[in-house]
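As the structure lists them, so they are numbered: ligands from 1, and atoms in each ligand from 1. Heads up: numbering here begins at 1 and tracks the sequence. Nothing here was measured: the structure is a model prediction, and the numbers come from that model.
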Amino acid sequence: MTQDIVVLAAGKGSRMKSSLPKVLHRLANEPMVHRVLNVASCLSDSKLHLVVGHQGEVVEQSCQKFNANIVWQHNPQGTGDALRRASSSLNDNGATLTLYGDVPLIRKETLERMISLSSFNTLVLLTIVLDDPSGYGRIVRDELGRVIAIVEQKDANDDELAINEVNTGILLAPNAHLKRWLNALTNENVQNEYYLTDIIEMAAKEGVEIVTVSPEFEWEVSGVNDRVQLAALERVWQCRQSEAVMRNGATLMDPSRIDIRGSLSTGQDCVIDVNCVFDGDVDLGKGVHIGPNCILKNCSIADGTVIKANTMIEDSVVGECCEIGPFARLRPGTKLAKKAKIGNFVETKKTVIGEGSKVNHLSYIGDACLGSAVNVGAGTITCNYDGVNKSETLIGDNVFVGSNTSIVAPIEVQSGATIAAGSTITKTIKADQLAFGRAKQMNKDGWKRPTKREK
Ligand code: UD1
Ligand code: CA
């Protein structure tokens with residue numbers, strides 16, 4: 001059966017007290033509704049619809065990459081009203097899965113289980129038993145245990161309030177029936193809203209089979225209404241991530257002090273010290289050690305490399321057995337061959353560093369390509385920018401760059417060359433040459449220092 005997936009994201013989310021629409025608040029650095037759309041996109045044979053209303057343009061803009069059919073719900077009047085507005089775009093022969101933009105951690109496996117039970121005459125409900133069911137719609141069953149209705153908290157009587165099986169909101173209904181049910185909804189209830197949940201009673205009365213599925217984890221169906229709940233769900237997610245990393249053979253010095261905002265893969269025996277943040281796709285090889293307070297974004301670090309405290313690495317590729325940091329910054333486009341060393345207060349950008357080459361102290365190396373076994377002395381700067389254009393620096397194998405050198409690009413320093421400390425290099429240095437690029441030192445005998453002028 002083909003699936004229409006409708007993601008509801010029209011609500012105001014006033015409890016967030018934010019100028020940003022609620023569904024765009026981020027969990028592990030990804031807007032909540034993106035997470036839902038991502039999971040939905042993984043389900044085969046399905047078409048995505050996104051219901052927007054409050055600040056709908058902003059939500060629509062942010063979700064462009066998912067190519068969902070945007071359905072507008074101006075002045076939202078309830079979940080049933082939201083789905084009804086999507087009704088005309090739903091495939092008559094399929095079924096519709098309803099998801100919520102503010103329930104960000106629903107898992108694909110759970111939805112697949114629901115889909116496997118779906119048929120033209122079956123409605124699948126995702127429910128969960130909670131110790132504290134308050135706030136949720138209650139699942140009402142008859143004496144044979146068949147679902148016969150969902151009653152919203154605000155409309156429930158005392159017996160119904162005592163039920164602790166609740167509606168997660170996520171449901172899958174066959175469209176042929178659904179469209180009819182949506183048309184029949186009324187808003188005769190305490191909130192004067194069109195409740196999607198009212199279709200359950202209609203289905204039961206018509207003898208449509210209602211089956212329930214429960215999520216494996218409670219957090220899959222936790223909704224976010226305010227920032228406190230968002231922070232709590234973030235922690236749940238982080239705990240889960242760090243647990244997965246440890247089970248996969250990495251050591252975390254403190255699993256409660258790591259943030260994985262994307263996907264982190266770790267080779268065997270990686271060790272990660274406290275307060276590291278991993279953003280985007282980060283890939284660590286075997287035995288990689290990461291010191292405290294490092295931030296790594298979209299990068300891969302090969303086997304045996306050691307990254308010391310307070311290092312930032314972004315959009316870079318690091319080879320085996322390198323040593324980086326403390327306090328190093330590898331900016332986008334940095335590539336280190338194996339055994340390279342980048343020391344403290346060194347910044348690199350769009351730079352290739354050859355095997356075993358060292359830039360150990362206080363340097364800026366940008367738009368450069370260094371061969372192997374190069375030694376760059378402390379305080380060396382590649383002057384890659386003339387105020388308008390960026391230019392490249394090429395340095396061959398075995399070059400020795402003395403301390404406090406400025407290398408003005410575009411320029412080439414050929415292999416085996418040596419640059420004297422304090423030089424400003426503006427011309428090509430040929431292989432094995434020694435270059436001085438500084439004024440000659442003069443020493444004056446008997447120099448009298450100036451004395452203080454009288455007033
Ligand atoms: C809903 C369910 C309730 C369930 C709970 C689970 C109904 C009537 N009730 O209640 O049974 O236990 O979710 O969290 O369905 N939205 C729209 N347009 C609207 C109204 C809501 O897009 O007109 C969106 C909201 O942005 C939100 C979601 O639908 O993402 C849920 O709406 P909300 O008002 O929070 O529903 P609840 O009252 O929590
Ligand atoms: Ca809610």
ask   = Can a salt bridge be assigned to the pair R35 and D102 using a cut-off of 4.0 Å between side-chain N and carboxylate O?
value = no
query = So which of V59, T79, V6 gets nearest to atom 32 (O) of ligand 1, if we judge by its closest heavy atom?
reply = T79
message = Please check whether G78 reaches ligand 1 - meaning an N/O of the residue sits under 3.5 Å from an N/O of the ligand, judged on distance alone.
response = yes
task = For A82, counting its heavy atoms only, list the atoms of ligand 1 lying under 4.0 Å from any of them.
result = 18 (N)
remark   = Note: ligand 1 atoms sitting under 4.0 Å from heavy atoms of Y195 are 8 (C)
task = Decide, yes or no, whether a salt bridge links R138 with E160 under the criterion of side-chain N to carboxylate O below 4.0 Å.
result = no
inquiry  = Side chain or backbone, does Q73 bring an N or O within less than 3.5 Å of an N or O on ligand 1?
reply    = yes
Proximal atoms of ligand 1 relative to A9 (non-hydrogen, under 4.0 Å) = 22 (O)
query = N/O of P76 under 3.5 Å from N/O of ligand 1, yes or no?
reply = no
query = What atoms of ligand 1 come closer than 4.0 angstrom to any heavy atom of Y136?
reply = 6 (C), 12 (O), 14 (O)
task = Tell me which part of E193 gets within contact of ligand 1: side chain, backbone, both or neither, using heavy atoms under 4.0 Å.
result = neither
inquiry  = Any non-hydrogen side-chain atom of N360 less than 4.5 Å from a side-chain atom of V346?
reply    = no
Under 3.5 Å, sequence neighbours excluded: what are the donor-acceptor pairs made by side chains of residues 261-278?
unit_1, atom_1, unit_2, atom_2, d
S263, OG, D281, OD1, 2.9
S265, OG, D283, OD1, 2.6

message = Can you classify the ring geometry of F345 versus F327 as parallel (below 30°), tilted (30 to 60°) or perpendicular (above 60°)?
response = parallel
key: Set of residues satisfying ring pair (Phe, Tyr, Trp, His ring centres under 6.0 Å) with respect to H25, sequence neighbours excluded   = none
task = Could you walk me through whether R180 and E206 pass salt bridge (Lys or Arg N to Asp or Glu O under 4.0 Å), step by step?
result = CA-CA 12 Å; R180 194 161 30 79; E206 288 181 18; 2.7 Å; yes
inquiry  = Side chain, backbone, both or neither: which applies to E152 and ligand 1 if a contact is any heavy-atom pair less than 4.0 Å apart?
reply    = side chain
key: SB check E109 R113 (cutoff 4.0 Å)   = no
query = For G11, is at least one N or O under 3.5 Å away from an N or O on ligand 1?
reply = yes
message = Quick check on contacts: which atoms of ligand 1 are under 4.0 angstrom from a heavy atom of G137?
response = 3 (C), 4 (C), 11 (O), 12 (O)
query = Hey, is V166 one of the residues with a heavy atom under 4.0 angstrom from ligand 1?
reply = no
remark   = So for D81 against ligand 1, with non-hydrogen atoms under 4.0 Å, the contacting part is neither
message = Please determine whether a side-chain nitrogen of the Lys or Arg among D367 and K390 lies less than 4.0 Å from a carboxylate oxygen of the Asp or Glu.
response = no
